[in-house]
Amino acid sequence: MSVQGKVVIITGASSGIGEASAKLLAKNGAKVVIGARREARLKEITDQIIAGGGQAAYQVTDVTQPEQMQALVQLAKDRFGGLDVIFNNAGIMPSSPISALHINEWQAMIDINLKGVLNGIAAVMPIFTSQKHGQIITTSSVAGLKSFPGAGIYGATKFAVRNLMEVIRMESAQEGTNIRTVTLYPAAINTELLHTITDQKTRAGMDSLYNSVGISPAAVARVVNFAVDQPEDVNVNEFTIYPTKQA
Ligand code: NDP
């Protein structure tokens, strides 16, 4: 089974990597079910996909709310009759030095980047386990592979999801449930992510980096498409995606 015909949920699909992935997968025949908080953006993207001959549905979804994640899964089942893939992609990056004590932003990153991923996993696990088939793709970051000043809490959430994905892969192999996991480690990708940074010095540094080396989210979408396209007995489970110009 290739991308064609697969039912794929994507969170954080109202912009950036999620939007690009939804559009590419739908173009290649997937039935995409997209969620995020901004309804107007979700509707626009869904309308564009359908106008282009693809299949898509959307629902306003805050990943921090378990029942909203469950409702998104229910929409996939009701509209498209099942579920093959979840792409846990929603995230924020209000980076700052730990000494600045932006504690509310720490909480928000843990709630969205970590608990949001757990809510996605919990919502799909009963289906994937019983049908003995399913793929969980999660957007970590290069900040989930190595440490960067300013990315203490952001990186902690991204290191955490790396561990989650690998443990699910190993447990699924032991339990014989055929659940495949894919972890993405993007570097500088030009999206709306930097808008979530409130610390002015951190924002200036990141703007300068992204303006000089950043690449299109379409680069990540192509990797997602490649992973979804793999046959059932192949688990391509980790990808770093760097701009060629980024050190
Ligand atoms: P964007 O800001 O463009 O996209 C983030 C998406 O997450 C938006 O669709 C946003 O939609 C959604 N989102 C935020 N909070 C919530 C929430 N509580 N519930 C549901 N959706 C939410 O940035 P990217 O596309 O870059 O980010 C996608 C992922 O990629 C993130 O996990 C990010 O950490 C990761 N990443 C990005 C990199 C980059 O350089 N851009 C590098 C490494 C990783 P809305 O506001 O409508 O809810």
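If you read the sequence from its start, that first residue is 1, and numbering goes on from there. Counting starts at 1 for both ligands and their atoms, in listed order.
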Which protein N or O atoms sit under 3.5 Å from any N or O of ligand 1? Give atom names and distances.
from: ligand 1; atom 1: 2 (O); to: Leu193; atom 2: N; distance (Å): 3.3
from: ligand 1; atom 1: 3 (O); to: Ser15; atom 2: OG; distance (Å): 2.8
from: ligand 1; atom 1: 3 (O); to: Glu192; atom 2: N; distance (Å): 3.3
from: ligand 1; atom 1: 4 (O); to: Ser15; atom 2: OG; distance (Å): 3.3
from: ligand 1; atom 1: 7 (O); to: Gly91; atom 2: N; distance (Å): 3.4
from: ligand 1; atom 1: 9 (O); to: Gly12; atom 2: O; distance (Å): 3.1
from: ligand 1; atom 1: 9 (O); to: Ser14; atom 2: N; distance (Å): 3.2
from: ligand 1; atom 1: 9 (O); to: Ser14; atom 2: OG; distance (Å): 2.8
from: ligand 1; atom 1: 11 (O); to: Ser14; atom 2: OG; distance (Å): 2.8
from: ligand 1; atom 1: 15 (N); to: Arg37; atom 2: NH2; distance (Å): 3.1
from: ligand 1; atom 1: 18 (N); to: Asp62; atom 2: OD1; distance (Å): 3.0
from: ligand 1; atom 1: 19 (N); to: Val63; atom 2: N; distance (Å): 3.0
from: ligand 1; atom 1: 23 (O); to: Thr191; atom 2: OG1; distance (Å): 3.2
from: ligand 1; atom 1: 25 (O); to: Ile17; atom 2: N; distance (Å): 2.8
from: ligand 1; atom 1: 26 (O); to: Thr191; atom 2: OG1; distance (Å): 2.6
from: ligand 1; atom 1: 32 (O); to: Asn89; atom 2: O; distance (Å): 2.9
from: ligand 1; atom 1: 32 (O); to: Lys158; atom 2: NZ; distance (Å): 2.9
from: ligand 1; atom 1: 34 (O); to: Tyr154; atom 2: OH; distance (Å): 2.6
from: ligand 1; atom 1: 34 (O); to: Lys158; atom 2: NZ; distance (Å): 3.1
from: ligand 1; atom 1: 40 (O); to: Ala187; atom 2: O; distance (Å): 2.9
from: ligand 1; atom 1: 40 (O); to: Ile189; atom 2: N; distance (Å): 2.9
from: ligand 1; atom 1: 40 (O); to: Ile189; atom 2: O; distance (Å): 3.4
from: ligand 1; atom 1: 40 (O); to: Tyr210; atom 2: OH; distance (Å): 2.6
from: ligand 1; atom 1: 41 (N); to: Ile189; atom 2: O; distance (Å): 3.0
from: ligand 1; atom 1: 41 (N); to: Thr191; atom 2: OG1; distance (Å): 3.2
from: ligand 1; atom 1: 46 (O); to: Arg37; atom 2: NH2; distance (Å): 3.0
from: ligand 1; atom 1: 46 (O); to: Arg38; atom 2: NE; distance (Å): 3.4
from: ligand 1; atom 1: 47 (O); to: Ser14; atom 2: OG; distance (Å): 2.9
from: ligand 1; atom 1: 47 (O); to: Arg37; atom 2: N; distance (Å): 3.3
from: ligand 1; atom 1: 47 (O); to: Arg38; atom 2: N; distance (Å): 2.9
from: ligand 1; atom 1: 47 (O); to: Arg38; atom 2: NE; distance (Å): 2.8
from: ligand 1; atom 1: 48 (O); to: Arg37; atom 2: N; distance (Å): 2.8
from: ligand 1; atom 1: 48 (O); to: Arg37; atom 2: NE; distance (Å): 2.7

- Modelled atom types, side-chain donor and acceptor of Thr181 and Asn237, under 3.5 Å: no
- Task: Applying side-chain hydrogen bond (donor to acceptor under 3.5 Å, both in side chains), name anything that partners Lys132, two or more places apart in sequence or on another chain.
- Result: none
- Message: Strictly below 4.0 Å, N to O, side chains only: are Arg162 and Glu166 in salt-bridge contact?
- Response: no
- Task: Applying side-chain hydrogen bond (donor to acceptor under 3.5 Å, both in side chains), name anything that partners Thr198, two or more places apart in sequence or on another chain.
- Result: Glu105
- For atom CD of Glu39, is the number of surrounding heavy atoms from other residues, nucleotides or ligands below 6.0 Å larger than 12? no
- Summary of salt bridge (Lys or Arg N to Asp or Glu O under 4.0 Å) pairs that have at least one residue in residues 189-199, sequence neighbours excluded: Arg38-Glu192, Arg41-Glu192
